[in-house]
Q: 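My structure is below; once you've seen it, I'll send some questions.
From a predicted model like this one, the values you see are computed outputs, not experimental measurements.
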Amino acid sequence: MVLWRGLSVGMVVVAASAGIAGVALGQDDAPPAAARPVAAAAARPLAGKVIVIDPGHNGLNYKYPKIINKKVKAGPFRKACDTTGTSTNSGYTEHAYTWDVANRLARLLRAQGATVKLTRPNDRGVGPCVNQRAAIGNKAHADAAVSIHADGAPSGKRGFHVIMPGYVKGYTGPIVKPSKRLGYDIRDAFRRGTGEPYANYVARKGVDVRTDLGGLNMSTVPKVFIECGNMRNRTDAANFKSAAWRQRAAAALAAGLSTYVRR
């Protein structure tokens, strides 16, 4: 969760033809050599692409307030290193949700040939700070980066939204346009893949533009945040706690990222 405006508060070949079974394929039956690279490329369409996934928050942030409250560079201003994130009313935490979805997403992207980097190695640590999370994507020269979150809005509100960087002089200028394309690709894929509605309490048609987030302001690569829903809402919370829904969420994010990086 990031603070939303107005509320304070992760080859099997079958050799059988008509009437003939058990025919072994010989060398002459193999695909032409020229076709093999094409087949390989089709199987690994994201080969050569670098994607950074940022699972929001971390499991031990709550134990180290001095660390996560330390002010760090977040653009032309300074903000707290990180926050603890939110949770469902039954105690399922945002940091656990984002970590689960991030790993599901990483497996899907790697299966398509992408090089994937996560901003934290597990869900048992502290941080990293928002500027460090951005720096990981920058150092990797990522083709795209996404920060996964879940919101903590009033329980009567629900839905997801994507946060894109606005223009911050000296910082986000080069990434505003590509991040906008990335954001819409992810928004469309997430809506289509999960059935989650657009947030009815913030943003417009599932899209928000912000200039106050260090994770975006400090990025030099196309990057967006996604708030996958509202953890305090009963319907959204039930989705978050469902492994099947989390897999759909990861698949939807993979589809959006794939659309963007393959343009």
Q: Judged by modelled atom types alone, do His57 and Thr84 share a side-chain donor-acceptor pair under 3.5 Å?
A: no
Q: Answer with yes or no whether the hydrophobic clustering places Trp245 together with Leu253; edges join I, L, V, M, F, W, Y residues whose side-chain heavy atoms lie under 4.5 Å apart.
A: yes
Q: Gln247 side chain to Ala244 main-chain N or O, any donor-acceptor pair under 3.5 Å?
A: no
Q: Using modelled atom types and a 3.5 Å cut-off, is there a donor and acceptor pairing between side-chain atoms of Asp236 and backbone atoms of Gly159?
A: yes
Q: Ring centroids only, cut at 6.0 angstrom: are Phe160 and Tyr198 within range, meaning strictly under it?
A: yes
Q: Does a side chain donor of either Asn69 or Tyr64 reach within less than 3.5 Å of an acceptor in the other side chain?
A: no
Q: Mark yes or no for whether Glu227, through its side chain, and Ala150, through its backbone, hold a donor-acceptor pair below 3.5 Å.
A: yes
Q: Could you pull out the closest heavy-atom pair between Val52 and Gly137, with the gap in Å?
A: CG2-CA, 3.7 Å
Q: Please say which of Arg158, Arg246, Arg248, Arg187 ends up in a salt bridge (charged side-chain N to carboxylate O under 4.0 Å, His left out) with Glu196.
A: Arg158
Q: So which atom in Ser179 and which in Pro222 form the shortest heavy-atom distance, rounded to 0.1 Å?
A: OG-CA, 3.4 Å
Q: Do Lys241 and Ser90 get their side chains close enough for a donor-acceptor pair, meaning under 3.5 Å?
A: yes
Q: With a 3.5 Å distance limit and no angle check, can you tell me whether Arg120 reaches the backbone of Gly56 through a side-chain donor-acceptor pair?
A: yes
Q: Does any N or O in the side chain of Asp143 come within less than 3.5 Å of the main-chain N or O of Val50, such that one atom is a donor and the other an acceptor?
A: yes
Q: Please identify which of these residues, Arg210, Lys223, His149, meets the side-chain contact (heavy atoms from CB on, under 4.5 Å) condition with Ile163.
A: Arg210
Q: Are there over 12 heavy-atom neighbours, none belonging to Arg263, within less than 6.0 Å of that residue's CZ?
A: yes
Q: When clusters are formed by joining ILVMFWY residues with side-chain heavy atoms under 4.5 Å apart, either directly or through shared neighbours, do Met218 and Ile148 land in the same one?
A: no
Q: Give a yes or no on this: more than 12 heavy atoms of other residues, nucleotides or ligands lie within 6.0 Å of atom NZ of Lys73.
A: yes
Q: Report yes or no: do Asn138 and Thr220 form a side-chain donor-acceptor pair below 3.5 Å?
A: yes
Q: Given His95, which of Asp123, Asn61, Asn58 fulfils the side-chain contact (heavy atoms from CB on, under 4.5 Å) condition?
A: Asp123
Q: Got a donor-acceptor contact below 3.5 angstrom from the Tyr171 side chain to the Gly75 backbone?
A: yes
Q: With a 4.5 Å cut-off on side-chain heavy-atom distances among I, L, V, M, F, W and Y, is there a chain of contacts connecting Leu118 to Leu182?
A: yes
Q: Just by distance, do the side chain of Arg133 and the backbone of Gly127 share a donor-acceptor pair under 3.5 Å?
A: yes
Q: Looking only at atom types and distance, does a side-chain atom of Asn89 sit under 3.5 Å from a main-chain N or O of Met231, one as donor and one as acceptor?
A: no
Q: Are Leu216 and Ile175 grouped together when hydrophobic residues (ILVMFWY) are joined by side-chain heavy atoms under 4.5 angstrom apart?
A: no
